[in-house]
2 protein chains.
Amino acid sequence: MPLPASFPELASLDLFVSVVELGSVSQAAAAHGVSQPSASSRIKHLERQLGMRLLDRGPTGSLPTDAGVVVAGWAETILRAAHELAAGLSAFRAAQVGRLRIVASFTIAEYLLPQWLDRFSRDHPRDSIALEVANSTTVIDRLRHGAADLGFIETPAELDGLDEAIVGNDELVTVVAPSHPWATPRTVPVEALAATPLVMREAGSGTRAALAAALRDLGLGEPSAVLELGSTSAVRAAVVHGNSPTVISRLAVDAEVVAGQLVEVDVPSLSVARELRAVWPTGTTLPSLASALLDDIG
Amino acid sequence: MPLPASFPELASLDLFVSVVELGSVSQAAAAHGVSQPSASSRIKHLERQLGMRLLDRGPTGSLPTDAGVVVAGWAETILRAAHELAAGLSAFRAAQVGRLRIVASFTIAEYLLPQWLDRFSRDHPRDSIALEVANSTTVIDRLRHGAADLGFIETPAELDGLDEAIVGNDELVTVVAPSHPWATPRTVPVEALAATPLVMREAGSGTRAALAAALRDLGLGEPSAVLELGSTSAVRAAVVHGNSPTVISRLAVDAEVVAGQLVEVDVPSLSVARELRAVWPTGTTLPSLASALLDDIG
DNA sequence: GCAAAGGCATAGAGACATTCTATGAGGTGA
DNA sequence: TCACCTCATAGAATGTCTCTATGCCTTTGC
């Protein structure tokens, strides 16, 4: 579902929030490196777009109206997410010059690293981080070959020659759309789950392998797929708008569950928990930046 | 802290996410109502801005690269927040034609209503909602005079003639910047808190009144202000970048605390909890849309 | 009182970006 | 092999956004 065509630009919201924080259009303009008239006109444009006055302008500065305060609050949520993307990107881009080379699995890179890096980059503004995203096998491979300093994985694997530290937890949960029959009892026997075709990632994904292993341990067969999709987003969207369950990382659907777009279904006796761990080569002293990052996370 | 100057536009991220979801640039272009070359050029521009290839283009469509999958995940977080703003705005704007008139206090309108409304508008796409933001007294006043159908407040008040339902909880918490002396023990006696000048909202705000009442109950004096600011955002920013504590709604600082920008400090024997409640006029049947919204929330 | 300083709005010109239509090239499937 | 779908390119027109220069207003300090 695309955003409305007249949705305000990120830059305008950013500018407006700065006006609210700094108390004047001029100062906000300076903070953003644009001229005062330009800022003034952009704020006016924003007010026209939203159809409401956001600022009370006076000779001593500008204060937000009631509506302005509320809109600024909403805008800050967007900007917070934007800063996380920027933090992740700068790590991505620093691939060549990074002083701390991180390699992380998809789930961690998508849902946890941006927050960690955003925070870390505030504490260490001069240090660049390089980020590579890969599957667990590749993560371990990179560390063993000295191509990365610090790795993050979510699967327990053979870790010869690597030290590790647990930095969080994740588990697979079963979710359905609110209209799905399972949504009302909010519980379903594992046999029924195993017998129901699911929306899934393609074969080979870690999530799918973990589910298959758990079902096998219970003496049940392979899960079958009603739909195989190549990205977590796609799976999520298919479950929200469709009529099939999926089994997916809790991290990936937390926001949707809180917002009520998805319902988590309890499946007694099916438990697929994974510890999220940082790993690094044994023997080498962990670079000081890496220690600092781990301290930050913990 | 403004966003980097070259940060991608919201519209481009939106378009890119659509490409990932729909599997082709052409289809995404159609979904956004622009021509295919325009979409193609915007995606290319996005790739140049980010300095990485996001899509593998082929004659059968386009699939995201590894980097593309990760960036799409980050972008979705931003877009989710943007949709919430859009939902709040459309309620704001519908002031004249709304079929369900809501009046809510600041905190609830800022931090909870957008999620509720975003979800509600998906379930009831044809129904418009009007939203007014006001303090608790005004909320009650509007309901008594029939100027609104449903209200949300966070203070227990005299509610003669109004029915109510509890829809959530909030409490005041004490927070400081990570560099503040209180951040390390993470606890401070209430006497020390009462004796320390705080960053505060202006006199008259509900938060400030609740804190003053709690301290009075403990036989302590009025809290003093090192800085008085007119919006929650401003208070938050002052605490993050300054050296003074504040006592503030947990809802308002949850994201900062999780991200490590702020540290929550335990203050034994100081507890200021508030129930968030929906209120509506007694006797009148609650409009069906209002019931539906309350069901959604619960 | 009066000047100085800071704040915001307006006007006009110029640079820049973005859009569209039309077209071409490449691969897939019937 | 033909029809269809994919995406990329070219060129022109449109529009938007920026900047500098200026004016008016209020508050502050002498």
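Source: prediction; values computed, not measured. Throughout, protein chains are lettered first and strands after them, A, B, ... in sequence-line order, and every chain is numbered starting at 1.
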Engineer: Look at the side chain of A/P59 and decide which nucleotide, out of D/dT26, C/dA11, D/dT9, has an atom nearest to it.
Structural biologist: D/dT26
Engineer: I'd like to know if the side chain of A/E84 reaches the main chain of A/L113, judged simply by a donor and an acceptor atom lying under 3.5 Å from each other, with no hydrogens or angles considered.
Structural biologist: no
Engineer: Does D/dT26 have OP1 or OP2 under 4.0 Å away from a side-chain N or O of A/T60?
Structural biologist: no
Engineer: For C/dC8, take OP1 and OP2 only and decide whether either is under 4.0 Å from a side-chain N or O of A/S40.
Structural biologist: no
Engineer: Are B/S12 and B/H45 close enough that a side-chain donor and a side-chain acceptor fall under 3.5 Å?
Structural biologist: no
Engineer: Would you call A/R236-B/E76 a salt bridge at under 4.0 Å N-O?
Structural biologist: yes
Engineer: Has A/S35 got a side-chain N or O lying under 4.0 Å from the OP1 or OP2 atom of D/dT20?
Structural biologist: no
Engineer: Map B/V34 and A/S24 onto DNA chain C by nearest heavy atom, then report which one ends up closer to the 5' terminus.
Structural biologist: A/S24
Engineer: Strictly below 4.0 Å: does A/R57 bring a side-chain N or O up to OP1 or OP2 of C/dA9?
Structural biologist: yes
Engineer: OP1 or OP2 of C/dT18 sitting under 4.0 Å from any side-chain N/O of B/S38?
Structural biologist: no
Engineer: Compare side-chain N and O positions of A/Q27 against OP1 and OP2 of C/dG7 and report whether any pair is under 4.0 Å apart.
Structural biologist: yes
Engineer: Output the rounded distance in Å from CZ (B/R42) to P (D/dT9).
Structural biologist: 17 Å
Engineer: What are the two closest heavy atoms between A/V239 and A/P245, and how far apart are they?
Structural biologist: CG2-C, 4.3 Å
Engineer: Expressed in angstrom and rounded to an integer, what is the separation of A/R53 atom CZ from C/dA9 atom C1'?
Structural biologist: 15 Å
Engineer: Can you tell me if B/S26 touches the phosphate of D/dC7, counting only side-chain N or O atoms and a distance under 4.0 Å to OP1 or OP2?
Structural biologist: yes
Engineer: Rounding to a whole Å, what distance do you find between B/K44:NZ and D/dA8:C1'?
Structural biologist: 6 Å
Engineer: Rounded to whole angstroms, how far apart are CD on A/Q36 and P on D/dG23?
Structural biologist: 15 Å
Engineer: Output the rounded distance in Å from CZ (A/R48) to P (D/dT16).
Structural biologist: 10 Å
Engineer: Output the rounded distance in Å from CD (B/E9) to P (C/dC16).
Structural biologist: 17 Å
Engineer: Just the rounded figure in Å: distance from P of C/dA17 to CG of B/L46.
Structural biologist: 16 Å
Engineer: B/S18 side chain to B/D14 main-chain N or O, any donor-acceptor pair under 3.5 Å?
Structural biologist: yes
Engineer: Using whole Å, report how far NE2 of B/H45 lies from C1' of C/dT19.
Structural biologist: 14 Å
